[in-house]
Amino acid sequence: MNTAKPETAGIEPASPEPRPSNFIRDIILNDLKTNKYNGRVQTRFPPEPNGYLHIGHAKAICLDFGLADEFGGHTNLRFDDTNPEKEDVEYVDAIMEDVKWLGFHWDGLFYASDYFDQLYAWAIQLIKAGKAYVDDLSADEIRKHRGTLTEPGKGSPYRNRAVEENLNLFERMKAGEFPDGSRVLRAKIDMASPNLNMRDPVMYRILHAEHHRTGNKWCIYPMYDYAHGQSDSLEKITHSMCSLEFADHQPLYNWFIQQLGIFPSQQIEFDRLSLTYTMMSKRKLRQLVEEGRVTAWNDPRMPTLCGMRRRGYTPEAIRNFVTAAGVSRTNGIVELAMLEHFVREDLNKHAPRVMAVLHPVKVVLDNYPENQTEEMDAVNNPEDPAAGTRKVPFSRVLYIEQDDFREDPPKGYFRLSPGREVRLRYGYFITCKSVVKNDKGEVVEVHCTYDPATRGGNAPDGRKVKSTIHWVSASHAVDAEVRLYDNLFTKEDPSELEEGQDFTANLNPNSLEVLSHCKLEPSLATGAAGSRFQFERLGYFCVDPDSQPGKLVFNRTVALKDTWAKIEKKGQTAKG
RNA sequence: UGGGCCGUCGACUAAUGGUAGGUCAAGUGCCUUUGGAGCACUUUGUCUAGGUUCGAAUCCUAGCGGCCCAGCCA
């Protein structure tokens, strides 16, 4: 990235830790060995600023920046801004923020629009060489002349215009003499090519649109194919990674570079990242936002980087996931469970533990003195001794999780039930003596006795207890709203549709569940937006930006693995 | 249907003509003041058919299956 590493620049990987081999690294290794680019590795990440970055882009980012970094190379951030009708500064700012958040730093910051003058000069050069011409055909006529997958195309009647006429017309296109769509500049290649991209592709179209960077300087804009390879070449990109659907464009990418005789960047295609229960199309994500199916681009259910950030995912987790998922040329779908694994793995190491009750039910310790409060010592993170301990207030009336009490416990259920003794984490052993129910027969209070000899959670007589449950002192608890998220889609592949349906039919109606009046230990009363915690036995949660002092809002990032839920589910399916 | 790309455990991915391995998931056990975490173990795979070779996931041929391309989008 920014700093060259002389001691590692060269063939040896910059990092000693083993990374999974992949075919792109092999190509780079080989290019280094043959000295194809004098030992240079220069990559670029080229987003179009027409939307927000998602986890699929994270894969490209990790590849572009990660591979260059590994070999002491450099990476540019280049905005592919050749279509002013769809692009906006709002997106360039968001993209830069997301790249930085993911943990990467670009060397050069460029825009394809920086090269508009050079691209124009090169177009003139191609016209003069008889390799490009102005076509007066309409878009519709061009499509008809292009032929089909099985039939060759036909040449435009304007294909053999004189160089002088082409020059004149192209200059007047630039000068704004013609309306949108009236003419284009085309490369003269081969109308019979089996690769449709080579059937005289359009290089420039007329677009009287204001560009977010060049303003009204231009009314003709280069197409992707005419801009991308030359942009790479100008930046001396050695390895230009892009997704598989551009493989058919590679002959054209190379054609422009060869005709112009400029630095030969090489394009390498890899497979996009797909995730189960997730939709990665920018167009469809935009639709979800615009139709209000989610609250915004950064809705925590979105696969966008800003959504995942708000959800509490860490950059480290995303990077580890992307690396583990690997890169190849096959079209596969990675299981969401794998992403969640890496999120848990990172949060387990770093998130402070805390106690919170999401579905509270009252526990009254009948033999505990009224108005007494004790401060119990609690470990902040068993994975990290340096995280220290904290004090948690304990008193006669507590909240525990509804799930942690069963009046009629099923087989294998170890938690509280009438007559049973359990441990309150960092508290005391308690034994359930009776319950109080409301008119509807629901348990509203569980009455227990505590054993004063078990303070802190250990019995001096050595007796064991099958279960430890979490709790919050009722009089000390702070209230919070907690937002639980589930998959945005109900199908592994959301594009799998019945007749006449559109993808929104696969939206999960229960992807968001909002809980109010959850009870949190008081240490949570203050916490900056983005702060991440493990709510013991429940999952990882973070403070949402909507949170305010006195009006706390938490997001569930991901639940903890729940062995009991699995056992219980298996029992149910076994029954019927 | 022309062209391009691709087929390895349930998922993802290694093995670069020489022991089919790793991660996730699933399962079993151990451990545990989180039914968390951790640890140990286990199950499951080279699309098919031919060929080359002492030896093929790998090379060749033919099938079969999947993805991409007919924007003045990227």
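Chain naming here is simple, since letters A, B, ... match the order of the sequence lines and numbering starts at 1 in each.
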Presence of [X] side-chain N/O under 4.0 Å of [N] phosphate oxygens OP1/OP2:
X: R537(A); N: rG35(B); result: yes
X: T330(A); N: rU13(B); result: yes
X: R205(A); N: rA74(B); result: yes
X: S328(A); N: rU13(B); result: yes
X: T82(A); N: rA74(B); result: yes
X: K566(A); N: rG35(B); result: no
X: T563(A); N: rG36(B); result: yes
X: H341(A); N: rC24(B); result: yes
X: R143(A); N: rC72(B); result: no

Nearest to side-chain heavy atoms of [X], which nucleotide of [options]:
X: N331(A); options: rG66(B), rC73(B), rG36(B); answer: rG66(B)
X: S21(A); options: rC67(B), rU16(B), rA74(B); answer: rU16(B)
X: R353(A); options: rC73(B), rU28(B), rU34(B); answer: rU34(B)
X: D271(A); options: rU13(B), rG35(B), rA74(B); answer: rU13(B)
X: R146(A); options: rU28(B), rU34(B), rC72(B); answer: rC72(B)
X: E536(A); options: rC72(B), rA70(B), rU34(B); answer: rU34(B)
X: L560(A); options: rG36(B), rA74(B), rU16(B); answer: rG36(B)
X: D248(A); options: rA37(B), rC24(B), rC69(B); answer: rC69(B)
X: T468(A); options: rU34(B), rC72(B), rG2(B); answer: rU34(B)
X: E335(A); options: rU34(B), rC24(B), rG2(B); answer: rC24(B)

Distance-only, no hydrogens or angles: does the [X] side chain make a donor-acceptor pair with backbone N or O of [Y] under 3.5 Å?
X: D200(A); Y: I189(A); value: yes
X: T330(A); Y: G332(A); value: no
X: D180(A); Y: H208(A); value: yes
X: K519(A); Y: W471(A); value: no

Nearest-nucleotide comparison on RNA chain B, the residue closer to the 5′ end among R425(A) and A337(A): A337(A)
Contacts of N458(A) and K59(A) projected onto RNA chain B by closest heavy atom; the upstream (5') one is K59(A)
For a quick check of understanding: with a heavy-atom distance under 4.0 Å over all strands, which category does [X] fall into, base, sugar-phosphate or nothing?
X: V184(A); value: base
X: L137(A); value: base
X: G181(A); value: base

Quick one about [Y] and [X] (side-chain donor to acceptor, distance below 3.5 Å, no hydrogens or angles considered), yes or no?
X: D88(A); Y: H212(A); result: no
X: Y52(A); Y: E90(A); result: yes
X: N50(A); Y: E48(A); result: yes

Base rG2(B) to side chain N195(A), donor-acceptor N/O within 3.5 Å cut-off: no
Base rG36(B) to side chain E383(A), donor-acceptor N/O within 3.5 Å cut-off: yes
Rounded to whole angstrom units, what separation is found between the [atom1] atom of [X] and the [atom2] atom of [N]?
X: K466(A); N: rG36(B); atom1: NZ; atom2: P; result: 14 Å
X: F321(A); N: rG22(B); atom1: CZ; atom2: P; result: 21 Å
X: F342(A); N: rC12(B); atom1: CZ; atom2: P; result: 15 Å
X: E401(A); N: rG36(B); atom1: CD; atom2: C1'; result: 15 Å
X: R329(A); N: rC12(B); atom1: CZ; atom2: P; result: 17 Å
X: Q230(A); N: rA74(B); atom1: CD; atom2: P; result: 13 Å
X: L273(A); N: rU23(B); atom1: CG; atom2: P; result: 20 Å
X: K569(A); N: rG35(B); atom1: NZ; atom2: P; result: 20 Å

Using a 6.0 Å distance limit plus a 45 degree cone around the ring axis, check whether R78(A) lies over the aromatic ring of F110(A). no
Syn or anti for rG71(B) (syn when the glycosidic angle lies within 90° of 0): syn
Could you tell me how the ring of Y120(A) sits relative to the ring of F170(A): parallel (under 30°), tilted (30 to 60°) or perpendicular (over 60°)? parallel
Please work out which of the three classes, parallel, tilted or perpendicular, describes the rings of Y224(A) and F246(A), given edges at 30° and 60°. tilted
Can you run through RNA chain B from 5' to 3' and write each base as (, ), [, ], | or . depending on how it pairs? Watson-Crick or G-U wobble, both distances under 3.5 Å. .((((((..((((....[..)))).(((((.......)))))....(((((..]....))))))))))).....
